[in-house]
Q: 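Below is a structure I'd like to ask you about.
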Number of protein chains: 2
Amino acid sequence: MADKKLVEAITSMDEDFAKWYTDVVKKAELIDYSNVKGCMVIKPAGYAIWELMQRALDDMFKATGVENVYLPMFIPESLLQKEKDHVEGFAPEVAWVTHGGLTPLAERMCIRPTSETLFCDFYAGDIHSYRDLPRLYNQWCSVVRWEKETRPFLRSREFLWQEGHTAHATAEEAAGRTELMLNVYADFAEQFLAIPVIKGRKTEKEKFAGANATYSIEAMMHDGKALQAGTSHDFGDGFARAFGIQYTDKDNTLKYVHQTSWGLSTRMIGAIIMVHGDDSGLVLPPKVAPVQVMIIPIRQQAEGVLDKALELKETLKNFRVKIDSSDKSPGWKFSEQEMRGIPLRVEIGPKDIEAGKCIICRRDTREKIECNLDEIEQKIATLLDNIQKDMFDKAAAHLHGNTYAARSKAEFINLFNEKTGFVKAMWCGERACEETIKEEMSVTSRNIPNEQEHLADTCVYCNLPAKSMVCWGKSY
Amino acid sequence: MADKKLVEAITSMDEDFAKWYTDVVKKAELIDYSNVKGCMVIKPAGYAIWELMQRALDDMFKATGVENVYLPMFIPESLLQKEKDHVEGFAPEVAWVTHGGLTPLAERMCIRPTSETLFCDFYAGDIHSYRDLPRLYNQWCSVVRWEKETRPFLRSREFLWQEGHTAHATAEEAAGRTELMLNVYADFAEQFLAIPVIKGRKTEKEKFAGANATYSIEAMMHDGKALQAGTSHDFGDGFARAFGIQYTDKDNTLKYVHQTSWGLSTRMIGAIIMVHGDDSGLVLPPKVAPVQVMIIPIRQQAEGVLDKALELKETLKNFRVKIDSSDKSPGWKFSEQEMRGIPLRVEIGPKDIEAGKCIICRRDTREKIECNLDEIEQKIATLLDNIQKDMFDKAAAHLHGNTYAARSKAEFINLFNEKTGFVKAMWCGERACEETIKEEMSVTSRNIPNEQEHLADTCVYCNLPAKSMVCWGKSY
C-alpha cells in the first residue's frame, strides 16, 4: 500500500492557485475532509502548527494581563437578540439546537458564532465596582457559522479560534486595549508567522456587527488576494447599555463599562500556506514548524549511519528534530520533507560520516550547505534564524511589490484590470461610493491603513472631497 | 462595593458537604453559574488549574507517542447509529441541531457526547496498511450530555475534557494501550493532583457503551464517596467491524483494527476540591496551583515594605508568585489566600525586614515557619515539595482508613450502614446480583481492582462461588 501512496505532483500555483491550495493542505496532511458537511478534520501535522501558534499567542496575551476563561457554547435565542445589530449580523448563519435528548427545548439555543452576548451576560452579574475593572478575559474554543461554501482553514462551519473580551471603566481605556491587541496580532503575524500585515480600521460597511470600530490586520497571499487575518473591535458602551453592565465608580455613581473583543483563528494556517508555499508544497516558518529539522540517513543500512543520525538528533535536542528511518528511498523522503514544509533537511551517509560532514538543505531557498558535524548545532540555529528572517523579507517584498497607488479613477480601474494585488486610493468616506466600487470592480475595502498617505484631495472614484486613504483588494 | 464583598464564612464540611462544595467553588471564584441552564462559566482561577492539568497530561500523552488532532463537534444521526450499544447508551442524552441558519437540515446532527463514531468514520478512510498503525490520536475539546441534574465540575451539560482514540494492528496491542493510559491517569492523579486512586476494571453493567472492557481510576472524596476520575476503554474490533476499519497486513490479507479510547475531564477539578479542601476553602496541590506563593505585605504603607515584597517576588521567579498589595487588611488577605487554596503565604512587614526574616504559612497544615530572607528560595522549594507529598499521604491515609473488607453479607450491610467509605468484597460476577446490591444497598460497584485479594470463596451477597473482589461504594 505504501508504495502506491506516491508523493504525487501537486497542481502548480500559477496554473490554478485554488487547486494548488487544496492539494497542499491534503498532501501535506494538514487536514482531511470529514463526512460532516463543511467541517474538517485537523490532522496531527496541522494541529501541531495550531498548538505552536496558540502557545506563542497565549504568552503574548498573558504578558498584557489577559486571563483565560471558558464560557458555554450555547446562546439562548433571547440572549442573542439583545443587541440589535449583532443579532442581524449573526442570526442568519447560526446552528440551532432544538432538542435535549428526547425533549424539545422550551427556548431554542444557537451554538456560539462568537461570544459577545455570553460575555456580556456574564459581566452584567460579575462586575459591580471600579475595583472589578478592567476585566481582561480570553477563551480558546471552537465556534460555528453555517457557511454555504467552505474551504479548509479559510472558511468552515466549525473553526478553532481565540476570542478576547474585555471590559473597562473608560472609553479611552477600551480604545487603548483595541489598539494594543491589534498590535499584538501584527507582531505575532510578522515575528512568528513571517507574514507582513497592513494594520488599519475597517470602514463602517465592513465593521463587526455591533462594534463602534473594527480594526484588522490584512495580509497579501501569493496570488495577490487579501486575507483578513485578525480583528480587534471597540464596542464603546453599546453592548453595556443593551445588557445593563454597570459599575459603581469612585464618585459613587453608576456608569456603563466600555468593551472590546478581538479574535484570531485557524484561518491563519491558511495564510501561512498561501503566503509561503511553493510548487513543492508547504514552507513553514521555523518558529511554527512542528518539525524544524528532518534528518534523512543515506544508505541507512550501512554500518554506523543510523547511529550517527541518532547522535545528531541528540546534539540538536534544543530544536524540534525527527529522523526519517522508514524504508522509503532518500529521494522520496526528500519530497515528503519538502511537501510538509520542514525548514531544514540534514542528509547524512557513510561518505559524509567519513569526512566528518553532512549536507543541510534549506526548504525555502533549496540551498545546499556543507557543514562540519562538530559545528552543526550552531549552524542549525543560525540557519533557522536566517530562514525566519528571509521568509519575512520575501513576503514583505511581495506585499510591497504588489501594492499600488491610484490617483485617478482610470488608474484605479486599470490597476485592478492589469495587476493582482492591493491598490491604495483616496476615498470620500461614503458608504454608497464604497458599494458602487464593490459592485463595479468586484473589490472590497480591506481597511483604512493606520499609516496614511495623502495621494490626492478627492475620492478616487466619485471625486467628492477625500476623507482618508483606503487599501482595496480582492479577498478570501 | 468591595467592602461588602466580605470573605464570608462557608458552610462547614461536616454540617453539609454538598453545600460546602458549592460554597467553595463559588467563593474561591472557580466558576459562576450561567444563564444557560446546566452550563457553567469557568472563571480565571478555575481555568488556570485546568491549563496546568492540561499541560502536564498532554506532556505525558506525547511521551507515549500520542499526537493531537481536532475532529468536528457534530455527529450526523446516521453516524451515531452505526454501533448499536453505543447509540443506546448516548442517544437519550444528546443535544440535537436541526437548523443551519434559516434552513432545516436534511439530517439532524447531535453535538458530540464523545467522539468514537467520528474517529471511526475518519479512521475508516485514513487507515489502509499495517504501516499506518498504530494511530495514537487525542483531542482536547468540550462535549455535551443533556444531564437533568447538574453540579459544577461534577456533572454539567457541557464540559471540557480530552479524549484519546487509538487504532492498533492486534488485540494485544490495544489491550496494552488501554492499560498504559490507565497507568498514565493514575500517575497523573497521584503525582500531580496528590489524589491516590484505585485502578481496576468496571463490571459489565458499568462499562462504556460499546466497549469490550472499561478500566477506571476511582478516588475517594472527603465524605467517603467515590468519584470515577478517568476511564480507559478497550473496544477490541467491535467498532472496526461496525465502521469497516480494515488494513492490509504484511501477509497481504485484510484485517480489522483494534481500538481504544480514554478520557479525563474538568470533573477532576471537583475531585481536587473534595479530596483536599477544608472549612477555610480550597487547598491546592502545588503542582497544579496557578499561584503557589502569595506574598502579603504587612503595614505596606511603611517605607521599604512593598519594595521588599517586589524583591522577594523576583527572588522567587522560578515559582508562580503574586503579591497582594490591594487596600484590604492583612487579615482579609489571609482569608482570601486560604479560600483560594494558595499553598504558601509569605508575610513580610517592617519588623521582619529589620530582622532579615519573614513568616511563611502553609495552607495545608497552617504551620507558621520563620525564614531568613536569604534562604527563602530554597525554603519555598522544599516546602512546596513537602506540601505536595504530605497532601498525597494525608489523602492516602484517608482512602485506606475508610476502605473496609467485608467477608459476609451481614458485615457488608453493617459496614455500609455504619461507615462512609469503600467496601471490598468478593463477588459472583453475575449482573443480577450486582443489580440487587445496587437496589437494596444504594451502592455501586466502583471497579474490580487490579490488586486483587482473596477475602472469601463465595460472593458476599448471594453465596455463589466468587469470581473476583469488587470495590463497592456510593458515588458522585
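Proteins get letters first, then strands, A, B, ... in listed order; numbering begins at 1 in each.
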Q: Measuring heavy-atom distances to chain A, does B/Asp32 have an atom under 4.5 Å in its side chain, in its backbone, in both, or in neither?
A: side chain
Q: Is it the side chain or the backbone of B/Met109 that comes within 4.5 Å of chain A heavy atoms, both, or neither?
A: side chain
Q: Could you look at B/Phe74 and say if it's the side chain, the backbone, both or neither that has a heavy atom under 4.5 Å from chain A?
A: both
Q: Which atoms of B/Tyr33 come close to chain A, meaning under 4.5 Å heavy atom to heavy atom: side chain ones, backbone ones, both, or neither?
A: neither
Q: Please classify the contact between B/Leu160 and chain A as side chain, backbone, both or neither, with a heavy-atom cut-off of under 4.5 Å.
A: side chain
Q: Less than 4.0 angstrom from a charged side-chain N to a carboxylate O is my criterion; do A/Glu336 and A/Lys328 meet it?
A: yes
Q: What part of B/Lys148 gets within 4.5 angstrom of chain A, counting heavy atoms only: side chain, backbone, both, or neither?
A: neither
Q: Report yes or no: is the cationic atom of B/Arg145 (NZ for Lys, CZ for Arg) closer than 6.0 Å to the six-membered ring centre of B/Trp161, at no more than 45° off its axis?
A: yes
Q: Under a 4.5 Å heavy-atom cut-off, does chain A meet the side chain of B/Val94, its backbone, both or neither?
A: backbone
Q: Chain A heavy atoms under 4.5 Å from B/Leu79: which part of the residue, side chain, backbone, both or neither?
A: neither
Q: Heavy-atom distances under 4.5 Å only: say whether B/Trp96 touches chain A with side chain, backbone, both or neither.
A: both
Q: Under 4.5 Å between any side-chain heavy atoms of A/Ile269 and A/Trp50, yes or no?
A: yes
Q: What part of B/Asn252 lies closer than 4.5 angstrom to a heavy atom of chain A: side chain, backbone, both or neither?
A: neither
Q: Should the pair B/His165 and B/Phe119 be assigned to parallel (<30°), tilted (30 to 60°) or perpendicular (>60°) ring geometry?
A: parallel
Q: Quick check: do B/Ile111 and A/Val97 have side-chain heavy atoms less than 4.5 Å from each other?
A: yes
Q: Which atoms of B/Asp58 come close to chain A, meaning under 4.5 Å heavy atom to heavy atom: side chain ones, backbone ones, both, or neither?
A: side chain
Q: With salt bridge (Lys or Arg N to Asp or Glu O under 4.0 Å) as the test, would you mind laying out the steps for A/Lys255 and A/Asp251 before giving the verdict?
A: CA-CA 10 Å; A/Lys255 294 179 182 166; A/Asp251 62 9; 3.3 Å; yes
Q: Checking heavy atoms, do the side chain of B/Glu51, its backbone, both or neither come under 4.5 Å from chain A?
A: side chain
Q: Select one option (side chain, backbone, both, neither) describing which atoms of B/Ile31 are under 4.5 Å from chain A's heavy atoms.
A: neither
Q: Examine whether an atom of B/Ser34 lies under 4.5 Å from a heavy atom of chain A, and if so say whether it belongs to the side chain, the backbone or both; otherwise answer neither.
A: side chain
